[in-house]
Amino acid sequence: MNDVDLRGIGMTSQRTRDRLIQRLRDEGIHSTAVLDVIRNIPRHIFVDEALSHRAYEDTALPIGYGQTLSQPYIVARMTELLLADGPCPRVLEIGTGSGYQTCVLAQMVEQLFSVERIRPLQDKARQRLRTLKLHNVQLKHADGGMGWPEQGPFDGILVTAAPESVPQELIEQLAIGGRLVIPVGGGEQQELLLIQKNEEGVSVEKVEPVRFVPLLAGAIR
């Protein structure tokens, strides 16, 4: 992929990306660091070419296998929540998907561990990480609900699919002082939660209603 492909033209140009950033600001995203990373990521390379003209709309887009490329606002909001208390050196992402959220996080944390249950999606995400020269990410093909206990504890955990309740395994893999950002709920009733862990236990804050694909068990090759 050459520099022109990454920079984009027309509906994938820098001007189009800048309009998206202004929209995110208008919707309440305040972190300049998060906005700068999103501005510079070529979101059009994370979808099929036929959808590239819609890449900088603030909307979710299909990536196959019943999965979606998350809405930019949600990516920005979740990243902002995760990093609101300062740096998270070691972060676990559940649901690599297209790799878009992965690429945002990889530029904001020291080490990122990302789990994906659908192998073909993971393979494409790995190639995109190489294209963007992001080398601080380890990928695992596995059932995401179990996390990645061998690499824990994590300073932050971000989940991009919705379980019906918070998996206890993820709470256990969160470091003291760590933050877990996760959508929870079945069907139409989902809430984005911010869970913080301290010596006494965990606190749970409801952030806003969201709509994510369900967090499913089992790995697909």
Roughly how far apart are [X] [atom1] and [Y] [atom2], rounded to 0.5 Å?
| X | Y | atom1 | atom2 | value |
| --- | --- | --- | --- | --- |
| S98 | Q67 | OG | CD | 10.0 Å |
| L158 | Q101 | CG | CD | 5.0 Å |
| R211 | I74 | CZ | CD1 | 12.5 Å |
| L24 | Y73 | CG | OH | 9.5 Å |
| M78 | S70 | CE | OG | 7.5 Å |
| R54 | D48 | CZ | CG | 13.0 Å |

For the pair L61 and R43, evaluate side-chain contact (heavy atoms from CB on, under 4.5 Å) and give the outcome as yes or no after the intermediate values.
-> CA-CA 11 Å; L61 295 170; R43 191 171 185 253; 4.0 Å; yes
Can you check side-chain contact (heavy atoms from CB on, under 4.5 Å) on Q127 and Q122, steps first, answer last?
-> CA-CA 9 Å; Q127 185 57 52; Q122 184 190 58; over 6 Å; no
Given L112, L132, V75, the one that forms side chain to side chain contact (heavy atoms under 4.5 Å, CB included) with C103 = L132
Using a 4.5 Å cut-off on heavy atoms from C-beta on, say whether the side chain of [Y] contacts that of [X].
| X | Y | result |
| --- | --- | --- |
| P153 | L174 | no |
| V202 | I171 | yes |
| P183 | L193 | no |
| L92 | Q151 | no |
| L69 | P62 | no |
| I182 | P167 | yes |
| L180 | V159 | yes |
| D85 | Q196 | yes |

Give me the atom names and distance for the closest heavy-atom approach of [X] to [Y].
| X | Y | result |
| --- | --- | --- |
| V210 | E191 | CG2-C, 3.9 Å |
| P163 | L215 | N-CB, 3.6 Å |
| I38 | A76 | CD1-CB, 3.6 Å |
| A106 | N136 | O-ND2, 2.9 Å |
| Q190 | G185 | CG-O, 3.5 Å |
| P89 | D155 | CD-OD2, 3.3 Å |

Go through the steps for I21 and R25 under the test side-chain contact (heavy atoms from CB on, under 4.5 Å), then give the verdict.
-> CA-CA 6 Å; I21 296 306; R25 280 201 186 97; 3.8 Å; yes
Please check if [X] and [Y] belong to a single hydrophobic cluster, counting links between Ile, Leu, Val, Met, Phe, Trp and Tyr side chain heavy atoms closer than 4.5 Å.
| X | Y | value |
| --- | --- | --- |
| L121 | W148 | no |
| L134 | V109 | yes |
| V37 | I45 | yes |
| V181 | V213 | no |
| I157 | I195 | yes |

Could you go step by step and tell me if L194 and R179 meet the side-chain contact (heavy atoms from CB on, under 4.5 Å) rule?
-> CA-CA 7 Å; L194 170 61; R179 297 163 73 88; 3.3 Å; yes
Checking [X] side chain against [Y] main chain: does a donor-acceptor pair fall under 3.5 Å?
| X | Y | answer |
| --- | --- | --- |
| S31 | V34 | yes |
| E57 | T59 | no |
| N198 | G177 | no |
| Q173 | M146 | yes |
| E80 | H30 | yes |

Does a sphere of radius 6.0 Å around [atom1] in [X] hold more than 12 heavy atoms from other residues, nucleotides or ligands, not counting ones at 6.0 Å or beyond?
| X | atom1 | result |
| --- | --- | --- |
| E208 | CD | yes |
| Q22 | CD | yes |
| K124 | NZ | no |

Q71 vs D58, side-chain hydrogen bond (donor to acceptor under 3.5 Å, both in side chains): CA-CA, chis, key distance, verdict | CA-CA 6 Å; Q71 177 188 1; D58 188 23; 3.3 Å; yes
When the side chains of residues 137-144 are checked against the rest of the protein, which donor-acceptor pairs come out under 3.5 Å, sequence neighbours left out?
from, atom 1, to, atom 2, distance (Å)
K140, NZ, E150, OE1, 3.3
H141, NE2, R117, O, 3.1
H141, NE2, I220, O, 2.9
D143, OD1, G145, N, 3.1
D143, OD2, G218, N, 3.1

Of all residues at least two apart in sequence or in a different chain, which pass the salt bridge (Lys or Arg N to Asp or Glu O under 4.0 Å) check with R126?
->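 So R126 forms a salt bridge (Lys or Arg N to Asp or Glu O under 4.0 Å) with D123.
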salt_bridge(R77, E27) N-O dist < 4.0 Å = no
In sequence, state the C-alpha distance, the side-chain angles, and the governing distance for D36 and R39, and then conclude on salt bridge (Lys or Arg N to Asp or Glu O under 4.0 Å).
-> CA-CA 5 Å; D36 284 346; R39 175 188 283 109; 2.9 Å; yes
R19 charged N/C atom sitting above Y56 aromatic ring, 6.0 Å / 45° |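 Verdict for Y56: no cation-pi partner in R19.
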Determine, stepwise, if the pair E93 / T102 fulfils side-chain hydrogen bond (donor to acceptor under 3.5 Å, both in side chains).
-> CA-CA 7 Å; E93 177 190 37; T102 316; 2.6 Å; yes
